[in-house]
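Each chain gets a letter, A, B and so on, in the order the sequences are listed, and its residues count up from 1.
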2 protein chains.
Amino acid sequence: MGRWPGGTQERLQEAAIELFTERGYERTTVAEIATRAGLTERTFYNHFADKREVLFPGQDVFVAEVRETVAAAPPEQSPLDAVLAAFTAGSDWFDRHREAAQRRRKLLDAHADLRERERAKVAALGEAIADALRARGLPDPAATLTASVCAAAHRLGTARWLTDPEHRTLEHHLRASFEDLRRTARTW
Amino acid sequence: MGRWPGGTQERLQEAAIELFTERGYERTTVAEIATRAGLTERTFYNHFADKREVLFPGQDVFVAEVRETVAAAPPEQSPLDAVLAAFTAGSDWFDRHREAAQRRRKLLDAHADLRERERAKVAALGEAIADALRARGLPDPAATLTASVCAAAHRLGTARWLTDPEHRTLEHHLRASFEDLRRTARTW
DNA sequence: CGTAGTGATTACAGAAACTGCAATCAACGT
DNA sequence: ACGTTGATTGCAGTTTCTGTAATCACTACG
């Protein structure tokens with residue numbers, strides 16, 4: 001058991017989302033977040049690099065998992081299939097957190113600051129995929145271009161997943177987006 | 001004639017690049033930039049939304065031009081060709097500023113902060129292209145996906161342009177990147 | 001049972017980014 | 001001469017983020 005009440009990061013994240021939705025991102029100070037979580041401002045910065053980062057928990061872990069899954073995919077699998085498989089591998093975790101993801105999306109959409117950080121995360125995902133594809137033997141520029149388009153398809157798929165009134169699974173939307181991608185690419 | 005010595009933005013930009021290259025981005029304050037330009041910190045913020053923005057002059061104008069050029073392209077032109085034409089339309093301006101672009105790139109590469117802003121600019125370019133393609137009648141999701149891949153190809157092309165030891169033109173590298181894109185897309 | 005070690009949290013001070021508002025200034029038109 | 005206009009400035013203030021050292025709660029060891 002921890003010496004201090006555990007789950008510090010989680011408590012900070014919950015406090016942040018609460019306050020952001022209550023009074024908006026800009027009108028919430030880091031000190032307020034920390035206080036609601038029963039901590040101090042300095043402790044917040046011990047856990048998150050900056051104020052935005054509290055809205056992207058586990059993102060780096062996800063990117064690392066995708067990188068490793070793609071790199072470890074069977075050699076006969078096509079690049080696109082390998083990436084799609086890596087995306088769908090842990091997609092049920094997201095399905096179980098769909099509502100939280102929707103609340104988060106609302107916040108991101110409302111603030112350019114946060115969208116900018118999200119773009120950086122998507123870019124990091126793309127670069128991780130490019131690394132993994134190169135590790136699989138795919139040379140540049142194919143690796144870079146394929147990785148970029150996979151990141152774009154991932155973005156499209158999650159966007160549809162979050163707005164789907166029928167609540168179909170993330171895997172469904174990712175597959176559909178990759179299929180759209182293949183269809184569209186044939187017209188280029 | 002200006003009431004004050006003109007070219008305020010330009011002077012601020014030059015001062016910023018000088019100081020950033022001299023002692024690094026983080027160890028340069030906005031006040032120092034303004035002082036070197038013969039102005040005050042407050043004036044800096046009258047011209048640029050934040051410290052990073054001083055490194056992206058005219059970016060919004062470029063994005064707007066691309067949007068309009070793509071939207072006004074002849075209807076029989078394919079989406080990819082329309083975007084490529086828009087990219088190459090003003091590319092000689094960039095050729096004339098190649099060295100400055102290289103110095104700028106060094107700065108961007110050295111600081112995650114600045115790369116993040118660059119990603120946001122690329123994303124804005126992609127969304128402008130998507131708008132223009134939709135205005136030309138291309139439906140989603142093709143518009144979104146095509147726009148994303150065009151932005152990626154643009155990024156690839158400029159990267160090669162800036163590192164080409166033979167100093168070939170930006171238009172050359174953009175065409176080559178789009179050709180690589182078409183070749184790669186056939187493998188998907 | 002005492003004590004040193006460990007890792008998280010905290011207190012504090014301070015630099016720097018950024019904003020709001022009112023005042024100032026230099027040119028211009030009338 | 002005089003008011004208008006738009007850019008620049010002064011200044012106060014909030015907020016983000018960092019460096020440093022101290023404190024705290026628990027653990028392991030002698």
Taking for each residue the nucleotide of DNA chain C with the nearest heavy atom, is it Y45(B) or R42(B) whose nucleotide lies nearer the 5' end? Y45(B)

Residues passing the ring pair (Phe, Tyr, Trp, His ring centres under 6.0 Å) test with H173(A), sequence neighbours excluded, are none

Find the distance [X]:[atom1] to [N]:[atom2] and express it as a whole number of Å.
X: F44(A); N: dT15(D); atom1: CZ; atom2: P; result: 15 Å
X: R23(A); N: dT15(D); atom1: CZ; atom2: C1'; result: 14 Å
X: E41(A); N: dA13(C); atom1: CD; atom2: P; result: 14 Å
X: H47(B); N: dT19(C); atom1: NE2; atom2: C1'; result: 16 Å
X: R11(B); N: dA7(D); atom1: CZ; atom2: C1'; result: 12 Å

Write down the atom of A82(A), the atom of A73(A), and the distance for their closest heavy-atom approach. CB-CB, 3.7 Å

Sugar-phosphate only, base, or nothing, as touched by N46(B) at under 4.0 Å among non-hydrogen atoms: base

Per [X] side chain, nearest of listed nucleotides [options]:
X: D50(B); options: dT8(D), dC18(C), dT9(D); answer: dC18(C)
X: K51(B); options: dT10(C), dA17(C), dG10(D); answer: dA17(C)
X: T40(B); options: dT9(D), dT9(C), dA11(C); answer: dT9(D)

Please confirm whether the ring centroid of F94(A) lies under 6.0 Å from the ring centroid of H154(A). no

Connecting only ILVMFWY residues whose side-chain heavy atoms lie within less than 4.5 Å of each other, what is the rest of F20(B)'s hydrophobic cluster? L12(B), I17(B), L19(B), Y25(B), V30(B), I33(B), L39(B), F44(B), Y45(B), F48(B), V54(B), L55(B), F56(B), L107(B), L108(B), L114(B)

Looking at T8(B), does any N or O in its side chain come under 4.0 Å of the phosphate oxygens OP1/OP2 on dT8(D)? yes

Does D131(A) use its side chain to pair, donor to acceptor, with the backbone of A135(A) at less than 3.5 Å? no

In residues 26-35 of chain B, which residues come under 4.0 Å of DNA chain C by heavy atom? T28(B), T29(B), V30(B)

Could you verify whether a donor N or O on one side chain and an acceptor N or O on the other, from T184(B) and T187(B), lie under 3.5 Å apart? no

